[in-house]
There are 2 protein chains.
Amino acid sequence: MTPHPTVFIVDDDAAVLKSLARLLRSARLDVLAFGSPQEFLERHDPRAPGCLVLDLAMPGLNGLELQAALMAKGSTIPIIFLTGHGDIPTSVQAMKRGALDFLTKPVKDDDLLQSVKAAIEQDRTARQARAELDDIQARLATLTQREREVLIHVVSGQLNKETAAELGTVEKTIKVHRARVMEKMKVDSVVELVRLTERAGIGGK
Amino acid sequence: MTPHPTVFIVDDDAAVLKSLARLLRSARLDVLAFGSPQEFLERHDPRAPGCLVLDLAMPGLNGLELQAALMAKGSTIPIIFLTGHGDIPTSVQAMKRGALDFLTKPVKDDDLLQSVKAAIEQDRTARQARAELDDIQARLATLTQREREVLIHVVSGQLNKETAAELGTVEKTIKVHRARVMEKMKVDSVVELVRLTERAGIGGK
DNA sequence: CCCCGTATTGGACTAAAGTCCAATATCCGT
DNA sequence: ACGGATATTGGACTTTAGTCCAATACGGGG
């Protein structure tokens, strides 16, 4: 079902790459190593679960740039920076942009493993939340334009008669749309409907 | 009404303290300077809006310890660290624990001002959110035990008859409680009630 | 012992929502 | 032009929820 989480490693130093891969594999983790950020950026599938262990200083694209590029591509993979010559402003920058951790070489095996585990866990919960959201969106997508309008009014707490007036139709019609909305959204109470739409950012106030 | 936001500065170096205070005051900010973390910890009122500019290395309590102490006290004041001799692990640690920024001395005036402004703004929105939550909690506090139970069932999407059965009473009684709940919570639709309780972490699923 | 807050219940309706069955009226694409 | 999706509306009820007025019951406090 859900593929195994993978630890992606990007480092231009082949020796480091190999050593990191060995450490992680010894902890029963699936590892995929990349020798350059470009390679990772091109080949990485954002749908793959896991986390990224990223060297900061690399030729071509540095770590922060790769982080930005991934963000731009919509990837939300948790990133753990690893660097030998970083400075404070860079680390702070990385953390502010959402990096999960920022470790310095030489890194203690246990520190890295701990961080990787936390990253994988966070990716897992983020993906789960995302999946639920996608599910809601999928249901929303089955609604017709009119049904969507009615939905908005319903989760705004309006009465059918009010909705009817605002949409230029009669209460009876609204009831029909409303029933279809409940059915398509797979809920059996307005309360559930409110919770769903709330998560999807609809209706608010 | 809402008091002016204040920038609290804590630094054991009197010269730095004075210079920072002057810079911030020149930007029309209210400033309160403290020469030691203990002093700040004792005298700071968590209700005061603003942010904290904190030197990392200080005798007695260092910056991170003060951060922890404030957190333990329930203070959510945004913290901007300022340090001359910090290292990456410390900065990362501070950021992970919620620091808003971590700057290095000598700091560019503009960097600090920018950060302080962001911190004040974040404090403002956090306080606003908190105030709304407190308001909801206050209303919840006016409910009787029974009314609270009914509330839970209502925002779970149950019918009055179901609630009645589970609470060992009749539908009529539930209606009365329910009406009182709506009145005390100051809402006029179940939809609003769901949104309120959602924010207060009640009912979920 | 009486008053107040709380919990309950009845009666009598009004309002709102939901359910079935059925019937038009468009618009769109094959 | 025909079939399907979409939007609308009616009629006829059944369920739920909400509203008013009233009344009983219980536990504390004053």
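Letters go in sequence order (proteins before strands), and every chain restarts at 1.
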Compare the minimum distances between each of D/dG18, D/dA7, C/dA7 and the side chain of B/Thr144, then state the nucleotide with the smallest one.
C/dA7
May I have the distance from A/Met182 (atom CE) to C/dA17 (atom C1'), rounded to whole angstrom?
10 Å
If I take atom NE2 in residue A/His177 and atom P in nucleotide C/dA16, what distance separates them, rounded to the nearest angstrom?
20 Å
Per nearest nucleotide of DNA chain C, the residue lying toward the 5' end, B/Lys175 or B/Thr142, is B/Thr142
Residue B/Lys117 excluded, over 12 heavy atoms near NZ under 6.0 Å
no
Consider the side chain of A/Arg180, meaning its heavy atoms from C-beta on, and name the nucleotide among D/dT16, C/dG10, D/dT8 that approaches it most closely.
D/dT8
Length of the NZ-P vector between A/Lys172 and D/dG11, whole Å:
10 Å
Rounded to whole angstroms, how far apart are CG on A/Asp188 and C1' on D/dT16?
15 Å
Report the residue (B/Thr173 or A/Lys161) whose heavy-atom-nearest nucleotide on DNA chain C is the more 5′ of the two.
B/Thr173
Counting only side-chain N and O atoms of A/Arg146, is one of them less than 4.0 Å from OP1 or OP2 of D/dT8?
yes
A/Gln145 has an atom CD; how far is it from atom C1' of D/dA5, in whole Å?
15 Å
Could you state the CD1-C1' distance from B/Ile174 to D/dT19, rounded to the nearest angstrom?
17 Å
Are the side chains of B/Val155 and B/Leu193 in contact, using a 4.5 Å heavy-atom criterion?
yes
Test item: B/Arg127 side-chain N/O and B/Ala48 main-chain N/O as donor-acceptor pair under 3.5 Å:
yes
The nucleotide from D/dT16, D/dG18, C/dA7 with an atom nearest the side chain of B/Leu159 is D/dT16
Rounding to an integer number of Å, can you tell me how far A/His153 NE2 sits from C/dA16 P?
17 Å
Under 3.5 Å, side chain of B/Ser156 to main-chain N/O of B/Ile152, donor-acceptor pair present?
yes
Could you tell me the separation between the CG atom of B/Asp11 and the CG atom of B/Leu54, rounded to the nearest 0.5 Å?
8.5 Å
Any side-chain N or O of A/Asn160 less than 4.0 Å from the OP1 or OP2 oxygen of C/dA17?
yes
Whole-Å gap separating P (C/dA7) and CD (B/Glu149):
9 Å
